[in-house]
Amino acid sequence: MRVFNRWKLLAGYLLKRHDLKALPVEYIVETTAKCNLYCPMCPRETHKQPKEDMADEIFTRLVEQAGSTGEHMMLIGLGEPFLDPKIFDRIEYCEKHGISTLLSTNGTLLDEEASGRILNSSLEHITLSFDGFSKESFEYYRKGAKFEKVRDNFVRFARMKHERAAKVQVVVQMVVMDGNAHEIADFQKFWSGIPGVDQVRLKADETNLMQPGAAHPASDWNHPCHYLWRGAMYVKHSGDVYPCCQSYMLNGAPVGNIGTQSLAEIFNSPPMQRMRELHARKRAGEIDVCSRCFTTIPHPMLVAGSLLFHGKWVRKALPVIERLTYLAKLPRTLLRPPRPVAGGGRR
C-alpha cells in the first residue's frame, strides 16, 4: 500500500495534478507546544505558544488514518519533544502502525536516563541541534541553554549509542547563520570525530526572523513545491493542519483539522487544490505564504527520487545532499535556498 501510494504521488507531481488519490508520505507532528529555551531565530518569538501537549485522541486519529500510507513522522514542531510526557508512548504507537519516527532536541533534557530510554525505543532518527561551535555563538542562538552541558549531553548520548551498537541514526545539526558561519569547519571536524555520530548536517536558516526580507524570486517557482504533493504536512498540537510548517510560520490559515476531518478531506481540500494549481502554472508567487517562503526548494529530480524510496531512507540521504550542495560539491540548482537581503541576520 505504501509503495502504491508513493507511485500515485509521483505521478501526481510529475503530471501536476491538483486532485490526488493518495496521502502524504511524511508529516511534521507537534506533540507539544512547550519549550524551555528562547532562540532569536525560532518562530516562537513571534508566534506565542500555549503550554499544551497534543491530545491523545488527536494523535491516535492522525496515526490511524495515516497508518497504511504514511512512512515517516517527525515528532517535532515549536516545542521541545522531551517536554511531552507521552513522547515515548507516541514513538511506539507509530512503530505499531509501521511509521518510522524522527525527533529533534535542544539537548537540555538529554541526561543519561533519557539517553537510555531513547536508545531502547523504536526511534529511528534523532537530530541533535547544536547551533554553533563556540560558547559565544551557541548561547546567543540558544538562550537559556549552557554550552558545556548540552555539548556533554550530546557527546555522552552519541557514545552510549556507539557502545550499544544501537540502530538509531544520530545527526548533529547546525543551522548556518551569520553569527556561526565562520565556525563550520571546526564544527564539522569536532562532531565528525565523536563515535556514534552518523552525520553532521549544515542546514540553511529557513525563518524570516534572522534574515528579514529574504524570499524566493519568481524565477524559483518554475517547478512546483514538493510539500504540496509528498508532504510533510504540518500538524499543530491543536489538530490544525497546514500544507507545510512554513505556511504556519508565515501566518497562513489551516487547511483543516484532523480532529473533525479525515486526512483525505484535508489533503484534497479546496485550498490545497488551489495551491497545487497555482504552483503547477508557475504562479506560486500569487499565494501570500509562498511569496514570502524561506524554505529551500529541491530540484524536481530530487523530489521524484524521494518518492521512489521509503521516507526514512530519504531522511538519511537529505543531510548528505545538503552538505555536498552547500560545500559546492553538487550544483546549487539541486537545492535553492532563499535569497537573503545584504546584511540580514547579523548581530
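When a residue number appears, it is its place in the shown sequence, counting from 1.
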Steps toward ring-ring contact (aromatic ring centres under 6.0 Å, His included) verdict (Phe130, Phe147): CA-CA 9 Å; Phe130 202 75; Phe147 173 79; 5.6 Å; yes
Run the numbers on Asp152 and Arg156 for salt bridge (Lys or Arg N to Asp or Glu O under 4.0 Å), then give the verdict. CA-CA 6 Å; Asp152 293 349; Arg156 180 181 57 236; over 6 Å; no
Of all the heavy-atom pairs spanning Ser122 and Glu95, show the shortest one and how long it is.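 Looks like OG-CG, 3.5 Å.
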Heavy atoms only: give me the nearest Met174-Gly132 pair and the separation to one decimal.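 Smallest interatomic distance, heavy atoms only, reads SD-N, 3.7 Å.
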Quick check against the 3.5 Å criterion: does [X] have a side-chain atom that pairs as donor or acceptor with the backbone of [Y]?
X	Y	result
Lys51	Lys34	no
Arg17	Gly12	no
Glu265	Ser262	yes
Arg230	Pro24	no

Tell me whether [X] forms a cation-pi arrangement with [Y], defined as NZ or CZ under 6.0 Å from the six-membered ring centre and within 45 degrees of its axis.
X	Y	value
Arg276	Phe267	yes
Arg44	Tyr38	no
Lys143	Tyr141	no

Given the rule in the ring-ring contact (aromatic ring centres under 6.0 Å, His included) test, do His47 and Tyr248 qualify, once you have shown the distances and angles that lead to the verdict? CA-CA 9 Å; His47 295 67; Tyr248 171 77; 5.3 Å; yes
Decide yes or no on side-chain hydrogen bond (donor to acceptor under 3.5 Å, both in side chains) for His18 and Glu277, but give the supporting numbers first. CA-CA 6 Å; His18 313 153; Glu277 178 186 4; 4.7 Å; no
Using 30° and 60° as the class limits, which term best fits the ring planes of Trp229 and Tyr13: parallel, tilted or perpendicular?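 Rings of Trp229 and Tyr13: perpendicular, over 60°.
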Is the distance from the ring center of Phe133 to that of Trp191 below 6.0 Å?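 Aromatic pair excluded; centres sit 6.0 Å or further apart.
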